[in-house]
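Position 1 is the first residue of the sequence, and the numbers go up from there.
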Amino acid sequence: MFGSNPNDVKCMSTYADAVRWESEVTPIRGRKVECKPLGARNKSHANIRKEEGTNDIVVKLYNTDIVRYKPDGTIIINQGGYSSQTTRKYLNAIVPMWFGSHQGMTFAYRGVDGGGYHILHSSGDNEFRWVKSNNVSSALYPQYHFVNPKPCVIHTKNRAKSKRVRAQYAPFINYVRRIRKLMGGDIVTNMRDAAIPYLSPDDMLSLALTKDPENHNTVMSYLARWHGWGAKPDVLNNFETMMFRAHRDEMLDAHILPRGEIKHDKFKGLF
């Protein structure tokens, strides 16, 4: 996208760099509120300013102050509530660190705490402090300490607890298996969407907990609706996902990884 290209943005390693760059930018004429573009003058959605009172140098992208350079050397990064590719592009251009994406989360690496992968909070401030050093390499490639990284949490299935939860829904699961066997493998419903009343996941789970075959048929029919695109719905697979999401705190164990480590969480979609 044209507007998200940060190739003309200057990298600012320290507060002094930010002060110097902000002072050199000429404001765009005719604006009621002063606007100093961060890069090309036709891209005012990315701009830089000196904040009165604090003397902070702030980089704003659209409606979010994504980088804040403070006089004490602290750099504050804020993603404005969600992790986006555009924000990461600008962060990589502005701050002398590297930012990547992992399962929808932004992480910092290279130049941060000596290595590793450090996840940023999507909401709120992420605080980085420049680590002063007399080494030549540190001057060329500054190092930062990430004060408040978000811990990387992965989940594993607790087999004993999962077995107990699944046992509660055994009558419904067995009912679906019997019907699937009678239908030759696929469960097909001729009911149109309009003919099936809306059921929330909580409604379906409540009906599935009963021993009433009519309730079980209602839930099965709802999960078996086929809208005409993609593959035919897998009733038991859809029910399993819904059950895991509702009982994730019981069926899954959370593990906090050591600082700097990051791993794939196959149950991430349940949270």
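Take Arg259 and apply the salt bridge (charged side-chain N to carboxylate O under 4.0 Å, His left out) test, not counting sequence neighbours, and it matches Asp113.
Without hydrogens or angle criteria, Asp203 side chain to Ser200 main chain gives a donor-acceptor distance under 3.5 Å. In this structure, Thr210 contributes its side chain and Leu207 its backbone to a donor-acceptor pair below 3.5 Å.
Distance check: Leu61 CG to Lys89 NZ gives 11.5 Å after rounding to the nearest 0.5 Å. Here the NE2 atom belonging to His45 is positioned 8.0 Å from the OG1 atom belonging to Thr86, to the nearest 0.5 angstrom. Separating the CD1 atom in Ile154 from the CD atom in Gln103 is a distance of 10.0 Å, to the nearest 0.5 Å.
Side-chain heavy atoms closer than 4.5 Å link hydrophobic residues (I, L, V, M, F, W, Y) into clusters, and following such links, even through other members, never connects Ile119 to Phe146. Under the 4.5 Å side-chain heavy-atom criterion for ILVMFWY residues, a single connected hydrophobic cluster contains both Ile179 and Met242. Residues Val165 and Phe244 fall within the same hydrophobic cluster, defined by Ile, Leu, Val, Met, Phe, Trp and Tyr side chains chained together at heavy-atom separations under 4.5 Å.
Cation-pi check for Arg248 over Phe267 is not met; the charged atom does not lie both under 6.0 angstrom from the ring centroid and within 45 degrees of its normal.
Taking the charged nitrogens against the carboxylate oxygens, Arg49 and Asp65 do have a contact shorter than 4.0 Å, which makes a salt bridge. A salt bridge links Lys36 to Glu22: one of the charged nitrogens lies within less than 4.0 Å of a carboxylate oxygen. Salt-bridge annotation for Arg164 and Glu250: absent, with no side-chain N of the basic residue lying under 4.0 Å from a carboxylate O of the acidic one.
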Given the rule in the side chain to side chain donor-acceptor pair (under 3.5 Å) test, do Thr87 and Ser84 qualify, once you have shown the distances and angles that lead to the verdict?
CA-CA 5 Å; Thr87 300; Ser84 74; 2.8 Å; yes
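Classified by interplanar angle (parallel below 30°, tilted 30° to 60°, perpendicular above 60°), the ring pair His247/Tyr169 is perpendicular. Under the 30°/60° scheme for interplanar angles, the aromatic rings of Tyr109 and Trp98 are found to be tilted. Ring geometry, Tyr198 versus Tyr222: the interplanar angle exceeds 60°, so the pair is classed perpendicular (tilted spans 30 to 60°).
Minimum interatomic distance between Ser83 and Gly104 (heavy atoms only, all atoms of both residues): CB-O, 3.4 Å.
Between His216 and Phe172, the distance separating the two ring centers is shorter than 6.0 angstrom.
Between Phe128 and Val112, some side-chain heavy-atom pair lies under the 4.5 Å cut-off.
Between the side chains of Asp253 and Thr156, no donor N or O sits under 3.5 Å from an acceptor N or O.
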